[in-house]
Amino acid sequence: MSAKHVLVTGGGGFIGSHVCEAYLRRGWEVTALDDLSSGRRQNVPAEANFVELDVRSPQLPELFREHRFDLVNHHAAQIDVRLSVERPRHDASINIDGLLNVLECCVEYDTERIVFISSGGVVYGEAETLPASRTSPKLPESPYGVSKLASEYYLFAFRRLHGLPYVALRYSNVYGPRQDPHGEAGVVAIFSNRLLGGHALTVFGDGEQTRDYVYVQDVAAANLLASETDLPDPKGLDEVAFNVGTGRETTVNELARTLIEISGTQAEIEYAPERPGELRRSSLEVSELRELGWSPEHSLREGLQHTYEWIARGDE
């Protein structure tokens, strides 16, 4: 694939900004689009072009017409599960209408490929077998999960109708520098800030619920691979969908203890009532990406060390 100019929607966000950096290191021209509702202008690399715009904007076709992007990397999304429950139409407006606006522009202006960011945890729901494979049953339990799965179906339809190639990356729980304390992986930032302030860590429930924590730079590397690898003509959703995680379950208790060790403090762990609707266990099986040459290079402790030190420096 000879793509050289990529549009990264959500490029001012925690993950999107790292993805922008990865493309720049590869020698691509990068345009970062963000409405700054949750992303930050300072997250965007100086070498990238920045456009402040909502993905639902009627001005989006003008941007595509001007730049003729070779690739679109679509990170822009409403990602708050609880907000999606409270305001499902708002969630669908951004995650479905926004995607359709992008897809129509891709078709109109001959974009060669779109990399779409889905979610392993919310698409699979409470999987019966862990780590969950990409062919696991799709059982979303929130409007946010439904919007991500519906988006994959729209992508598949556009592939069939218009020949638009796409890849879906189903993330596990991403953490790292620039992390937003919102979302499930945001617990790393929350715990780190608590420790730096000399406070106890609050764990909801018994702390034995698990997540698959993957470091953001490893995720950025997966995005590069998804941008450049050869793609089949899919007969179903799962053939061009890839889980991005470690395949390892980490309990909240383990996460808390590791961060306490890294901080060098004697912080206490306090337990609070379990939050309703939370998944008990989650991890993703990533053999398909490994077969393409990708693997997570950062151990949990190493990634947590980098993240804690970044927050401690006050770079947030």
Side-chain angles (χ1 to χ4, degrees), residues 1-13 15-16 19-20 23 28-39 48-79 84 87-119 123 140 143-170 223 226-228 231-237 239-241:
M1 186 176 176
S2 59
K4 291 299 178 184
H5 192 177
V6 57
L7 173 68
V8 180
T9 70
I15 304 173
V19 170
C20 286
Y23 282 120
W28 293 45
E29 181 180 355
V30 175
T31 294
L33 179 147
D34 205 295
D35 68 355
L36 302 182
S37 58
S38 59
N49 309 310
F50 175 69
V51 177
E52 184 175 348
L53 196 68
D54 191 304
V55 290
R56 298 167 291 181
S57 172
Q59 298 174 25
L60 192 66
E62 181 180 340
L63 181 68
F64 273 75
R65 184 166 55 250
E66 178 182 355
H67 292 284
R68 302 280 174 167
F69 300 108
D70 300 293
L71 176 76
V72 171
N73 183 295
H74 189 54
H75 270 79
Q78 190 300 114
I79 62 170
S84 81
R87 301 176 62 194
R89 289 179 182 269
H90 173 71
D91 180 87
S93 172
I94 297 171
N95 292 351
I96 300 297
D97 289 346
L99 172 67
L100 288 172
N101 199 23
V102 171
L103 288 177
E104 289 175 344
C105 289
C106 287
V107 171
E108 178 69 22
Y109 297 103
D110 300 319
T111 300
E112 294 180 25
R113 179 179 301 191
I114 180 168
V115 177
F116 172 73
I117 307 311
S118 189
S119 171
V123 166
Y144 171 63
V146 171
S147 73
K148 285 297 185 183
L149 182 57
S151 294
E152 291 196 39
Y153 277 108
Y154 272 114
L155 286 155
F156 183 80
F158 269 68
R159 177 74 171 99
R160 288 294 193 207
L161 292 170
H162 307 291
L164 176 63
Y166 78 95
V167 181
L169 297 179
R170 296 172 183 161
N223 276 265
S227 302
E228 298 172 341
L231 296 175
D233 182 11
K235 303 297 188 294
L237 293 188
E239 292 175 55
V240 286

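For the single chain, residues carry numbers from 1 onward in sequence order.
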Qualifying salt bridge (Lys or Arg N to Asp or Glu O under 4.0 Å) pairs with a residue from residues 92-110, counting only residues at least two apart or across chains: none
Side-chain touch V72/Y166, heavy atoms, less than 4.5 angstrom: no
Beyond-backbone contact of L164 with R159, side-chain heavy atoms, under 4.5 angstrom: no
Donor-acceptor pair, side chain of D70 and main chain of K4, under 3.5 angstrom: yes
4.5 Å side-chain heavy-atom contact, V19 and V30: no
Could you tell me which residues satisfy side-chain hydrogen bond (donor to acceptor under 3.5 Å, both in side chains) with S118, sequence neighbours excluded, listed by chain and number? E152
Does any part of the side chain of L33, heavy atoms only, come nearer than 4.5 Å to the side chain of V8, both counted from C-beta? no
Between atom SG of C106 and atom NE2 of H74, what is the distance when rounded to the nearest 0.5 Å? 9.5 Å
Output every pair passing side chain to side chain donor-acceptor pair (under 3.5 Å) with a member in residues 60-69, not counting sequence neighbours, ordered by first then second residue. R65-Y109
Distance from T9 atom OG1 to D34 atom CG, nearest 0.5 Å? 8.5 Å
Test item: S57 side-chain N/O and Q59 main-chain N/O as donor-acceptor pair under 3.5 Å: yes
How far apart are the closest heavy atoms of G10 and A76, and which atoms are they? N-CB, 3.6 Å
Distance from L60 atom CG to D54 atom CG, nearest 0.5 Å? 9.5 Å
Indicate the atoms forming the closest heavy-atom contact of S227 with Y23, along with that distance. OG-OH, 2.5 Å
Could you tell me if the side chain of T111 sits less than 4.5 Å from the side chain of C105, heavy atoms only? no
Do we see a donor-acceptor contact under 3.5 Å between the side chains of D91 and S84? no
Answer with yes or no whether the side chains of S119 and Y144 bring together a donor and an acceptor at under 3.5 Å. no
Between N95 and S147 the two heavy atoms that sit nearest each other are ND2-OG, 3.1 Å
All salt bridge (charged side-chain N to carboxylate O under 4.0 Å, His left out) counterparts of D35, not counting sequence neighbours: none
Taken to the nearest 0.5 Å, the spacing of S38 OG from Q78 CD works out to 9.0 Å
Taken in chain and number order and not counting sequence neighbours, the residues that satisfy side-chain contact (heavy atoms from CB on, under 4.5 Å) with T31 are H5, L7, N49, V51, F69
V240 vs F156 side-chain heavy atoms within contact, under 4.5 Å: no
So which atom in K148 and which in A77 form the shortest heavy-atom distance, rounded to 0.1 Å? NZ-CB, 3.8 Å
Distance-minimising heavy-atom pair for R160 and P234: NH2-O, 3.0 Å
Could you list the residues that satisfy side-chain hydrogen bond (donor to acceptor under 3.5 Å, both in side chains) with H75, not counting sequence neighbours? N73, Y171
Kindly compute the distance separating CD1 (I94) from CG (N101), expressed to the nearest 0.5 Å. 13.0 Å
Could you pull out the closest heavy-atom pair between V167 and A226, with the gap in Å? CG2-O, 3.5 Å
L103 vs F116 side-chain heavy atoms within contact, under 4.5 Å: no
